[in-house]
Amino acid sequence: MSRKIIVLDTTLRDGEQVPGAKLNVHQKIEFAQQLKRLNADIIEAGFPASSAGDFQSVQEIARTVGDTISITALARAVKNDIDAVYESIRLAQNPFIHIVLGTSNIHVEKKFNRSKDAVMQMGVDAVKYAKTLLPHVQYSTEDASRSDFEYLWQTIEAVVKAGATIINVPDTVGYAVPEEFGELIRKINERLKNVNPDVILSVHCHNDLGLATANTLSAIKNGADKVECTINGLGERAGNTSLEEVVMGLKVRENYYGCHTGIHAKELLRTSRLLTHLTGLDVQVNKAITGENAFAHSSGIHQDGLLKDKRVYEIMSPEEVGAESMELILTARSGRHAFKNAVEKMGFAVEDAEDFEQLFAKFLTLADAKKEVYDHDVFYLVTQHRTIDTSDSRLYELESFQVVTGDLCPTATVRLKKGGVTFTDSAVGDGPIDALYSAIKALAGLEVQLKDYKINSLSRGKEAIGRVNIRIEYQGKTYSGRAMDTDIIKASAMAFLNGINAALLDTSHEAVVTAES
Ligand code: KIV
Ligand code: ZN
């Protein structure tokens, strides 16, 4: 009988640690709702002790999607962190606390500067404390793949006896290789079954050597029942195990692994695209499963074979991961019904009639500008519409702008609105964007420095949407902002303002992470 593998998605915790990938609370909820449609078993929603904004996001996710999906969040092995996790997830139906503590010599000696026994005791005490709050506790032996096996095992045995119900074995620095990691999991599994067969054995891999998926699959083959992954493999450095690769690996090779997941594979592409839109981080074109070219065949021999029978060169169909329903082409004449259908087909809820009317008005404006509106554009419209909080009086809004460019004296005039008041100013610059940003900086009165400016085309069609990502430095900290529009100058202005708004939110100490739109 095929074994069910539990899938934990940690895009909103480990994935979000990527510089520039920070999402605001609305974006996190939007993504969590998509993870629910994807049917992930568990969402790791954040690291609540890290900031007030993270705490609030975890709490909102637990409240909004925690009715049917299990929610967890990360804590170090200290009371304050554990309390923060408990307080933020307790509204979910099936919450559990995730505690992490290193087991490798380098972690014990360099990070904690304590004896191995003392570190193990910290872990045991943390589990015992967490168990007074919730019945389920996951314990992660950080840097397990570089740990001395006997100490790793002693730690696992001790925390299981203290009440841990899930043991997670991380390859924190992406050092493991598949045969060796599989063997590690086999050995732990064998011993664990004798200590407490009900404890779930889990793995968490990083991709520094490009082996995260291979290591995760090898662990499954050797007894792991739960895997931790991120969409698009998002994560620090080379990233985490890519959820879509593990899910499709098990699906396509179920005969080999004898395992399956509960993931709705048809939602994979949509989830990947949503993440790309929200974070502004593109997937490489040849990325397995979710890359633009993952199902494209260009060689003549392959095309010929495919025409005869798809199975000649196709091990899975694009439809299986949701490709067929991605292609939406709407026009200004499509009407409310078709647009509503398109929005719902992408997985967004349309409940509030007034909100839908506002969205539809934006669709008509976009359709007039672009003529053909694709799935990317619908994503853009909905996510943009739902993530801008224009009611916050601390934030700037772009009211209008004018840019005159040329090789004599590029000039920009900008009108901004904040708390119901409008401000106008003009500036000259080396080029149109420089002039635009100088005018915005003068209006905001902030000493911000532009560190990075990127622009690319988001969708297809003659009037493609331009997406601008910027990074600014303000008071020694880096903030990112992004925006999309068919007018790239407008997108540039909005991206810069979003960066400034993120800085303002942060420095006013009521941060909801960043204000990227
Ligand atoms: O990589 C790691 O070790 C982690 C743990 C918190 C599971 O992310
Ligand atoms: Zn990790």
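All ligand and atom numbering here is 1-based and tracks the order in the structure.
A cation-pi arrangement is not found for Lys22 relative to Tyr479, the charged atom failing to lie both closer than 6.0 Å to the ring centre and inside a 45° cone about the ring normal.
At a cut-off of 3.5 Å, with distance as the only test, no side-chain donor of His98 or Thr72 sits close to an acceptor on the other residue. Donor-acceptor pairing under 3.5 Å is recorded for the side chains of Gln121 and Asp125. Between the side chains of Thr241 and Thr216, at least one donor N or O lies within less than 3.5 Å of an accepting N or O.
Near Ser140, meaning under 4.0 Å from any of its heavy atoms, are these atoms of ligand 1: 7 (C). Heavy-atom contacts of Thr172 reach the following atoms of ligand 1: 1 (O), 2 (C), 3 (O) (cutoff under 4.0 Å). Those atoms of ligand 1 that come under 4.0 Å of a heavy atom in His206, given as number and element, are 1 (O).
Polar contact check, Asp14 against ligand 1: a nitrogen or oxygen pair lies under 3.5 Å apart.
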Go through the steps for Asp117 and Ser115 under the test side-chain hydrogen bond (donor to acceptor under 3.5 Å, both in side chains), then give the verdict.
-> CA-CA 5 Å; Asp117 284 351; Ser115 72; 5.5 Å; no
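The atom of Asp14 that is an N, O or S and sits closest to the Zn ion (ligand 2) is OD2.
Formation of a donor-acceptor pair under 3.5 Å by the Ser140 side chain with backbone atoms of Glu142 is not found in this model.
Here the Zn ion (ligand 2) is the vertex; the NE2 atom in His204 and the NE2 atom in His206 give an angle of 100° (to 10°).
Between atom 6 (C) of ligand 1 and the options His204, Arg13, Glu142, Arg76, the minimum heavy-atom separation is to Arg13.
By the criterion of a heavy-atom distance under 4.0 Å, the side chain of Asn168, and not its backbone, is placed next to ligand 1.
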